[in-house]
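Report on one structure; see the data block that follows.
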Amino acid sequence: MAPPQAPGSGTASAPRAGRPSGARTAEDRAGRIRAGIVTAILEQRLHPGTKLGEDEIGAVYGASRTIVRAALQALAHEGIVVIEKNRGAFVARPSPEEAREVFEARRLIETAIAGRAALRYTPDWGAALDRHLAEERAALARGDDRAAIRLSGEFHGLVAALAGHGIFQSLLAELIARSSLIILLYRSRRAQFCGSDHHAAIAEAIRRGDGALAGRLMGEHLVEIETGLDLKGDADTDRSLADILRG
């Protein structure tokens, strides 16, 4: 069971057997747009409420409106984008109640994920976790908040991949992106980023095969993130959508 690439890396999925090559290409291009938008959200470059103009996105990715719409529809299905009739697509603006529900769902799922990951630990996975934690520490040391935020989300995705539960992993990928929107809207100025120290403790519990401890630490970690939200406030940006997506 080899460790996969980190979630959000934009790696194209394997072509589906029996599908025409043109259809696969369209799916791949829509997937690339979706991954780019999710990465911009995870790095908190793309703010809640931002209008996602089809022409502007298409110009950035060299894609037709049809392909852009397919990507936006996929994101809307995941609750990351809202499509309004006669107005277009916008990055979702989760309400305080939705914020509470997202973190409740994450606690339920990720407690189980961390416990399961501890039972499936291998040295190769340990090396993957160590590399990731080193990247987190390096991003924090150089003051690269965008990379630190993205990497913090990817740590949770990496633990989910280690757990080997496909449904949990898929659900968590959506919840992580929605959490980034929530944190951007409601994060208290006093709150800390999803820290590498907490992640290191969770990784050590997984390495020791202590599923109960790994699950407890994960739950406490998520509670601490949620308590750093003031469930009010807003964020805005003057940058163009094209500049945001180009990073």
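A quick note: this is a predicted structure, and the numbers were derived from the prediction, not measured. Counting from 1, the numbers follow the sequence of the chain as shown.
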Looking at every non-hydrogen atom in both residues, tell me the closest pair between [X] and [Y] and how far apart they are.
| X | Y | result |
| --- | --- | --- |
| Ala214 | Ala114 | O-CB, 3.6 Å |
| Pro48 | Arg93 | O-NH1, 3.0 Å |
| Asp55 | Arg65 | OD1-NE, 2.8 Å |
| Ala201 | Leu217 | O-CD1, 3.6 Å |
| Ser152 | Ile149 | OG-O, 2.7 Å |
| Ala139 | Ala148 | CB-N, 3.9 Å |

Is there a continuous path of hydrophobic side-chain contacts, each under 4.5 Å between heavy atoms, that joins [X] to [Y]?
| X | Y | value |
| --- | --- | --- |
| Ile176 | Leu151 | no |
| Leu46 | Phe90 | no |
| Ile167 | Leu119 | no |
| Leu185 | Leu222 | yes |

Can you check whether [X] reaches [Y] side chain to side chain, under 4.5 Å on heavy atoms?
| X | Y | value |
| --- | --- | --- |
| Leu213 | Arg208 | yes |
| Thr39 | Arg45 | yes |
| Gln169 | His165 | no |

Determine yes or no for a side-chain-to-main-chain donor-acceptor pair under 3.5 angstrom, with [X] supplying the side chain and [Y] the backbone.
| X | Y | answer |
| --- | --- | --- |
| Tyr186 | Pro94 | yes |
| Ser170 | Gly166 | no |
| Ser180 | Ala177 | no |
| Arg120 | Leu162 | yes |

Could you tell me whether [X] and [Y] have a side-chain N and a carboxylate O separated by less than 4.0 Å?
| X | Y | result |
| --- | --- | --- |
| Glu226 | Arg106 | no |
| Arg100 | Glu97 | yes |
| Asp130 | Arg207 | yes |
| Arg131 | Glu135 | no |

Can you tell me how far the [atom1] atom of [X] sits from the [atom2] atom of [Y], to the nearest 0.5 Å?
| X | Y | atom1 | atom2 | answer |
| --- | --- | --- | --- | --- |
| Thr66 | Glu54 | OG1 | CD | 9.0 Å |
| Leu42 | Ile183 | CG | CD1 | 10.0 Å |
| Asp145 | Glu43 | CG | CD | 11.0 Å |

Apply the side chain to side chain contact (heavy atoms under 4.5 Å, CB included) test between Phe103 and each candidate in Leu108, Thr227, Val223, Ile182; give the one that qualifies.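 With Phe103 as partner, side chain to side chain contact (heavy atoms under 4.5 Å, CB included) holds for just one option, Ile182.
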
Would you mind telling me which of Val38, Leu72, Ile57 makes a side chain to side chain contact (heavy atoms under 4.5 Å, CB included) with Ile33?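 That would be Ile57.
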
Check: residues 73-83 side-chain donor-acceptor pairs under 3.5 Å, at least two apart:
from, atom 1, to, atom 2, distance (Å)
Glu78, OE1, Arg34, NH2, 3.1
Glu78, OE2, Arg34, NE, 3.0
Glu78, OE2, Arg34, NH2, 3.4

Pairing residues for Ala30 by the side-chain contact (heavy atoms from CB on, under 4.5 Å) criterion, not counting sequence neighbours: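 Partners of Ala30 under the side-chain contact (heavy atoms from CB on, under 4.5 Å) test: Ile67, Ala70, Ala71.
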
Would you call the rings of His199 and His221 parallel, tilted or perpendicular if under 30° counts as parallel and over 60° as perpendicular?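 Geometry flag for His221 against His199: perpendicular rings.
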
